[in-house]
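Everything quoted here is computed from the prediction, not taken from an experiment. Below, each value reflects all heavy atoms present in this structure, side chains not excepted, and no hydrogens, waters or symmetry copies. In what follows, chains carry the letters A, B, and so on, assigned in the order in which the sequence lines appear, proteins first and then strands, with residues in each chain numbered from 1.
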Protein chains: 2
Amino acid sequence: MPSTTETLTAERILEATEEVLRRHGPAKATVVDVARALGVSHGSVYRHFRTKAALREAVTKRWLDRTSERLAGIVTAEDRSPEQRLRDWLAALFEAKRHKAGDDPELFATYTVLVDGLGGVVHDHIADLTGQLTRIIAAGAESGDFTVPDPATAARAVFHATGRFHDPGYAREWTEPGIEEEFEAVVGLLVRGLRAAG
Amino acid sequence: MPSTTETLTAERILEATEEVLRRHGPAKATVVDVARALGVSHGSVYRHFRTKAALREAVTKRWLDRTSERLAGIVTAEDRSPEQRLRDWLAALFEAKRHKAGDDPELFATYTVLVDGLGGVVHDHIADLTGQLTRIIAAGAESGDFTVPDPATAARAVFHATGRFHDPGYAREWTEPGIEEEFEAVVGLLVRGLRAAG
DNA sequence: CAGCTGACAGATTTCAATATCTGTCACTCC
DNA sequence: GGAGTGACAGATATTGAAATCTGTCAGCTG
């Protein structure tokens, strides 16, 4: 009955879950579907994930982490100035989100649905991202490029002020003409605010 | 049969519509309910509004305009500096939205539902608000308090950067502790960005 | 005759029955 | 004997028939 001789791992289940979500969408993707895709009974899936909610949480966390990891490289790019790294990081975040939303709108919509109701996962993700921002801004403060009372506060402010360019709730506006200019205007204003001598 | 002898006006219908929306919510509020509340047949309502969508659009526009009007006074408060007017205006916008959301969460949720799908009305509302912001920033540019390439662009940037504090999508976060500090951090950063000599 | 009515057709929503799914567990079978 | 199974009970989702709603319009009524 099993379609492969490979052992059933959490990772294989997550892969199958993403595939099922892609095919069926968040409302109609069932644990039974995931098990069928793997050629096992649904009881086996429950051996690795206590509940359907836990499975969804894990697959969503995995999805969010993929974005996070891509950005981490920019934080430590010592060949560029902190200001440039900040601009690059924000542009990369916008680009990554826009790409995800544009390439596979249905999967993006699926994860957008999954994400709300998963407060903890989102909170961690945001903490991760603002942590990266904090390191860039702290480097700028240390080098004298930026003048900020507190890098962590400034990082959260920058993150929230650019929400329009990374929050999934705004995804439908990411294809509008002029969005690039809006992004530049917001980032320009924020960078000037960080630079300004206090 | 009519419960009053007053003539049926668009305004009276809008008032009744808001009341019905408050009572029944957006999903269950019907034109028949509105007519019943007014003591007339639903045919009479269709004499003033071509469709249910038009009625909803009108009542939503009316609701948005009430916020707009409150803020307009701050724009022309010549006794305060442009920077202070900008801070006051943003704080008033945040406060107005937060108040609406906190006082009558169900009505707020109702209008939040109505608002999306009403692209034109929202667009006009945002144009109205950014227009007010533009006048404040232009005044600051003229007085030398601000240094900006283009007040209208800066106004849109400020508006979008503060979206977290007025966009209904974020309403549930407006009661979190620390939101005030976040607001101050974002506004502070933006004001510094506007001030900075370019 | 200007404003209002209410019966009507087609579209949409509701509700209850039916079907499917979630999560458990005693069991099987390498 | 530990990964995997599948029947099961209660929870959730689907479906289609019945009820309600939207939008129109010929005809009241003051």
Side-chain angles (χ1 to χ4, degrees), chain A residues 1-61 106 109-110 113-114 116-118 121, chain B residues 1-61 106 109-110 113-114 116-118 121:
Chain A
M1 195 78 69
S3 63
T4 96
T5 54
E6 254 179 280
T7 43
L8 187 62
T9 63
E11 180 59 24
R12 280 189 67 219
I13 293 175
L14 290 177
E15 220 127 281
T17 302
E18 185 162 296
E19 183 57 25
V20 167
L21 281 169
R22 192 194 311 278
R23 276 208 221 291
H24 295 63
K28 294 176 58 169
T30 71
V31 175
V32 172
D33 291 329
V34 173
R36 188 169 24 240
L38 289 162
V40 299
S41 80
H42 74 280
S44 300
V45 173
Y46 280 97
R47 183 166 292 282
H48 292 266
F49 296 94
R50 250 204 317 273
T51 65
K52 183 184 184 181
L55 176 56
R56 291 186 155 202
E57 184 169 321
V59 78
T60 303
K61 182 169 170 18
E106 292 185 22
T110 291
V113 169
L114 290 188
D116 63 40
L118 262 44
V121 172
Chain B
M1 196 81 70
S3 64
T4 97
T5 55
E6 255 181 282
T7 43
L8 188 61
T9 62
E11 181 58 25
R12 280 190 66 220
I13 294 175
L14 290 176
E15 219 126 282
T17 302
E18 185 162 298
E19 182 55 26
V20 168
L21 282 169
R22 193 195 308 277
R23 274 210 222 291
H24 295 59
K28 294 177 58 173
T30 71
V31 176
V32 171
D33 290 331
V34 173
R36 187 166 30 238
L38 288 163
V40 300
S41 81
H42 73 282
S44 300
V45 174
Y46 280 98
R47 180 168 296 279
H48 293 266
F49 297 93
R50 248 203 323 273
T51 64
K52 183 183 184 183
L55 175 57
R56 290 186 156 203
E57 185 169 318
V59 77
T60 303
K61 183 170 169 14
E106 292 185 20
T110 291
V113 169
L114 291 186
D116 66 39
L118 262 43
V121 173

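- Within the structure, side-chain hydrogen bond (donor to acceptor under 3.5 Å, both in side chains) contacts touching residues 34-51 of chain A (residues at least two apart or in different chains) are Asp33(A)-Arg36(A).
- Other residues, nucleotides and ligands contribute at most 12 non-hydrogen atoms within 6.0 Å of the CD atom of Glu106(A).
- To the nearest 0.5 angstrom, Glu11(A) atom CD is 10.0 Å from Thr17(A) atom OG1.
- Put simply, CD1 on Ile13(A) is 11 Å from C1' on dG4(D), counting in whole angstrom units.
- One interatomic measurement links the two molecules: CG of Asp33(A) to C1' of dT22(C), which rounds to 13 Å at whole-angstrom precision.
- Residue contacts for Thr30(B): at a heavy-atom cut-off of 4.0 Å it reaches the sugar-phosphate backbone alone, with no base atom in range.
- Rounded to 10 degrees, the angle separating the terminal helix axes of the helix from dC1(C)-dG30(D) to dC30(C)-dG1(D), each built from five base pairs, is 10°.
- For Lys61(B), the salt bridge (Lys or Arg N to Asp or Glu O under 4.0 Å) partners two or more places apart in sequence, or in a different chain, are Asp65(B).
- In this structure, the CG atom of Leu55(A) is 14 Å from the C1' atom of dC21(C), given to the nearest Å.
- Pairing each heavy atom of Ala58(B) with each of Phe49(B), the nearest pair is CB-CE2, 3.7 Å.
- The two residues Leu21(B) and Val59(B) have their closest heavy-atom pair at CD1-CG1, 4.0 Å.
- The distance between atom CZ of Arg56(A) and atom C1' of dC21(C), rounded to the nearest whole Å, is 12 Å.
- Rounding to whole angstrom units, CZ of residue Arg36(A) and P of dT20(C) are separated by 11 Å.
- For residues 17-30 of chain B, the pairs satisfying salt bridge (charged side-chain N to carboxylate O under 4.0 Å, His left out) are Glu18(B)-Arg22(B), Glu18(B)-Arg62(B), Glu18(B)-Arg66(B), Glu19(B)-Arg22(B), Glu19(B)-Arg23(B), Arg22(B)-Asp104(B), with sequence neighbours left out.
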Letter by letter from the 5' end, nucleotides 24-30 of chain D scores (B base, S sugar-phosphate only, - none; protein heavy atoms under 4.0 Å) B------
Once base and sugar-phosphate atoms are separated, protein heavy atoms under 4.0 Å mark nucleotides 10-18 of chain C, 5' to 3', with B, S and - as ---------
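- Between Glu15(B) atom CD and Ile13(B) atom CD1 the span is 11.5 Å, to the nearest 0.5 Å.
- Sequence order on DNA chain C of the closest nucleotides to Ala29(A) and His48(B) puts His48(B) first from the 5' end.
- At the heavy-atom level, Val32(B) lies under 4.0 Å from base atoms of the strands shown.
- Listed here is the closest heavy atom pair of Thr110(B) and Gly25(B): OG1-CA, 3.9 Å.
- Across the protein-nucleic acid pair, Lys52(A) atom NZ and dA13(D) atom C1' stand 10 Å apart, rounded to whole Å.
- Within the nucleic acid shown, Ser44(B) comes within 4.0 Å of at least one base atom, counting heavy atoms only.
- Rounded to whole Å, the distance from CZ on Arg12(B) to P on dC4(C) is 10 Å.
- Looking at Arg56(B), its side chain never comes within 3.5 Å of a backbone N or O of Leu118(B) through a donor-acceptor pair.
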